[in-house]
2 protein chains.
Amino acid sequence: MAKTGIRQLADHLGISIGTVSRALNDRPDVNPETRKRVLAAATDFGYVPNQSGRSLRQGTTNTIGFIVESGTDGSGSNDNFFLEVFGAIQHVFARHNLDLVVLPCSTDEDPLHHLQRMVSRRIVDALIISATRRKDPRISFLADAHIPFITLGRSSTPGPHPWLDLDFEGVANTAMDRLVAKGHRRIALGLPSNDINLGFLLLDGYKAGLERQEIAFDPALVLRAASSEQGGYQLAHEVLSMGNRPTAVLLVHELMAIGLYRRMNDAGLEPGKDLSVIGFRESPLSRFLIPALTCFKLSLRDLGQALGESLLATIPAYAEHYPQGTVRRVWPMELVPGDSDGPPRM
Amino acid sequence: MAKTGIRQLADHLGISIGTVSRALNDRPDVNPETRKRVLAAATDFGYVPNQSGRSLRQGTTNTIGFIVESGTDGSGSNDNFFLEVFGAIQHVFARHNLDLVVLPCSTDEDPLHHLQRMVSRRIVDALIISATRRKDPRISFLADAHIPFITLGRSSTPGPHPWLDLDFEGVANTAMDRLVAKGHRRIALGLPSNDINLGFLLLDGYKAGLERQEIAFDPALVLRAASSEQGGYQLAHEVLSMGNRPTAVLLVHELMAIGLYRRMNDAGLEPGKDLSVIGFRESPLSRFLIPALTCFKLSLRDLGQALGESLLATIPAYAEHYPQGTVRRVWPMELVPGDSDGPPRM
DNA sequence: AGTAGCGTTGTAAACGTTTACGGGATTGCG
DNA sequence: CGCAATCCCGTAAACGTTTACAACGCTACT
């Protein structure tokens, strides 16, 4: 069985390849009758257009890339986080016959390296990048290269691109209000150790919360650790050995909570009693921890869908279906109370 | 600045495009002198070959796909299982200028759908598929289509393809030996609820272990649940309400341990004392759980590297660098003792 | 000197598709 | 009947690359 190209179809039907192509691409100038015949033959032969030929001709690949960090420090995106977001994006793209591919990029290599390769080789038409840094060279690079893209996460490097980001300030604010309402005054903040932008945003919200509650900001209470179990363990160790020990801590990542629980257990202390903990993103993990972790809910499905649609809105060829324009939106998160935060122990 | 194709380079250097192409592709029949000039001009102009053109001509895309399941039942891992394996594979492929793309496939759609699309559109040259089923239609499909591929996980559908798989039988065997040595006789087995092949393999090892220890097999002790926290919770519930309650349980997934811990805690029971637990794959999580989970270690980096190299070994164009032939290997795992398994409580 | 061989280069044809263009047939209308 | 408009279709040129083939100049050998 010879490879079925558009030419085989044309030969078989006794018409020209041009007509076949037009029929398959829903062009208006083709007889409905012949279109029907073409489509029938296509499914009959199991024909699918060769993407390389198509890409070469029209300079577009129908593929969109999603760059995710595969760092070993677990900085934010673990498997089920990005897999779920991914599924939602894919669902949006499938409507337009767009393929979505994930491009893992390890944290210890030049973040631009992959980008340059993808962009210059014309492998993807557009990109989604995550884990944006405070100053992110990828943004200016993509803007210069005129590649449509959206970022999951704000950045201080400006650009005309759309972005979506979680409401870190809001999260920090409500967490602070909640803790203060329970009687806490010394509240530590566990930030990521890299320069990912969400760390700065959380810090902003934390400070705002302090200010609103008229509590003085103490730099010693701002700690940094890897966003992993190990990081949480070390962070807890640091907290527990502080002279004027804080009574509560707000963590940037739910994995840190696990390490913190462990360290407290080693010291014979109980989370929620001896030290209150509020995590960040809710995951299946959170409510199965002992005690259940107070944290913030987020629909990954909705987030992914918004990501996909917002990106398409900025690509001329698809913009008509998504009249929202270029989206720059902060995504709200809702508090899910657990048992990990209580009144401070006197 | 006009797009720099191979033609621009040729014009600028005053030579033909054929020579330029040969120079860039390290063909032997080109003057070392001109090659140097071509390479210089290429980096000068920032030239990178257009992948579509190249693919169209030589019928190969220099892209390899990795299909991973993005089920919503949380059957993935909570840490960077895939991300870490990707990193290692990518590292191998980078040596040959191959791109790795990840193609998540949700569990509730036809698993062949993506495959057909990728294969017929000639988007990838080869594939890595994971989570192989007992009977896996993808295997025969790919074999029929003559697409090189490797599976992470054995299957009972035969095929000439290479595979890598974890040593589930071995794991079950040593777990059983260990538990029996501690005095356990009634040992439950927590299997995944779908028909993924590892469930059958674990069961085989479990039965072999029983037989070697001369313990009768009791079908009531084989339980099935989702590979998630929720699944572990339900499984624990089932175990605790059994008439003749088992004293130990072997779990297929570390996330299940979390749910199980939780359920035991709710019942005022302590893992490792009231019920011994052995998990499967070690992850950062395992040793931060309370008590630390006894489980089996695995180097994801090595596994990924072996996956990549074994796949390349079966692709004619790259086989020369990997003389290992088609690999079918069971990957050993090493027990990491924790505090979750002790002697049975009388 | 003729010729075989080698090293290097140019030429042009592919790969599979889309699409601008033109042309033939048919229709509609004055 | 003549002309224009409409509808449909075929032709052929692109897109950027690789590569078989021919051709060239040169050396070396018979």
Side-chain angles (χ1 to χ4, degrees), chain A residues 2-39 41-42 45-63 97 99 117 119-123 125 317, chain B residues 1-39 41-42 45-63 97 99 117-123 125 317:
Chain A
K3 305 171 209 169
T4 76
I6 206 173
R7 174 148 277 122
Q8 279 70 32
L9 286 187
D11 287 353
H12 175 254
L13 293 171
I15 58 180
S16 80
I17 61 169
T19 311
V20 174
S21 174
R22 278 188 293 263
L24 293 173
N25 290 25
D26 275 341
R27 290 289 154 109
D29 53 350
V30 49
N31 191 318
E33 172 59 27
T34 52
R35 159 168 301 137
K36 211 176 293 178
R37 286 175 54 219
V38 170
L39 291 182
F45 281 50
Y47 167 81
V48 250
N50 179 303
Q51 186 59 45
S52 301
R54 169 179 292 196
S55 297
L56 181 58
R57 169 62 217 231
Q58 54 188 21
T60 180
T61 61
N62 288 331
T63 301
N97 273 320
D99 287 315
R117 184 179 170 86
V119 167
S120 53
R121 281 205 168 183
R122 301 284 138 77
I123 291 182
D125 291 337
Chain B
M1 103 186 157
K3 304 171 209 167
T4 76
I6 209 173
R7 173 148 277 122
Q8 279 70 32
L9 287 187
D11 288 353
H12 176 252
L13 293 171
I15 59 181
S16 78
I17 61 169
T19 312
V20 174
S21 174
R22 279 187 293 263
L24 293 173
N25 290 23
D26 275 342
R27 290 289 153 108
D29 52 349
V30 51
N31 191 318
E33 172 60 27
T34 53
R35 159 168 300 136
K36 211 176 293 177
R37 287 177 53 218
V38 170
L39 291 182
F45 282 50
Y47 167 81
V48 252
N50 177 304
Q51 185 59 45
S52 301
R54 171 179 290 199
S55 298
L56 181 56
R57 169 62 217 228
Q58 55 187 18
T60 181
T61 61
N62 288 332
T63 300
N97 274 322
D99 287 315
R117 184 180 170 87
M118 293 300 141
V119 167
S120 52
R121 281 205 169 183
R122 299 285 137 79
I123 290 181
D125 292 338

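Chain A is the first sequence line, chain B the second, and so forth, proteins listed ahead of strands; every chain is numbered from 1. Not measured: the values here are computed from a predicted model.
With dT18(D), dT17(D), dC15(C) as the candidates, the nucleotide lying closest to the side chain of Arg7(B) is dT17(D). Looking at the side chain of Asp29(A), the nearest of the listed nucleotides dT18(C), dT17(D), dC8(D) is dC8(D). Checking dC9(D), dT17(D), dT19(C) against every side-chain atom of Asn50(B), the shortest atom distance belongs to dT17(D). Which of dT9(C), dC9(D), dG10(D) sits closest to the side chain of Val30(B) comes down to dT9(C).
When only modelled atom types and interatomic distance are considered, Gln8(A) and Thr4(A) share no side-chain donor-acceptor pair under 3.5 Å. Neither side chain, Ser52(A) nor Ser55(A), offers a donor N or O lying under 3.5 Å from an acceptor on the other.
Heavy atoms of Ser55(A) sit nowhere under 4.0 angstrom from any nucleic acid atom. Contact annotation for Arg22(B): base contact, defined as any heavy-atom pair under 4.0 Å involving a base atom. Heavy atoms of Thr34(A) sit under 4.0 angstrom from primed sugar atoms or phosphate atoms, though from no base atom.
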Could you list all N or O pairs between the protein and nucleotides 12-14 of chain C that sit under 3.5 Å apart?
from: dA14(C); atom 1: N3; to: Arg57(B); atom 2: NH1; distance (Å): 3.2

Heteroatom pairs (N/O) under 3.5 angstrom, protein to nucleotides 25-28 of chain D:
none

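Phosphate proximity of dT18(C) to Ser21(A): present, with a side-chain N or O under 4.0 Å from OP1 or OP2. The side chain of Asn31(A) places no N or O atom within less than 4.0 Å of a non-bridging phosphate oxygen (OP1 or OP2) of dC7(D).
Comparing the local axis fitted to the first five base pairs of the helix from dA1(C)-dT30(D) to dG30(C)-dC1(D) with the one fitted to its last five gives a bend of 60°, rounded to 10°.
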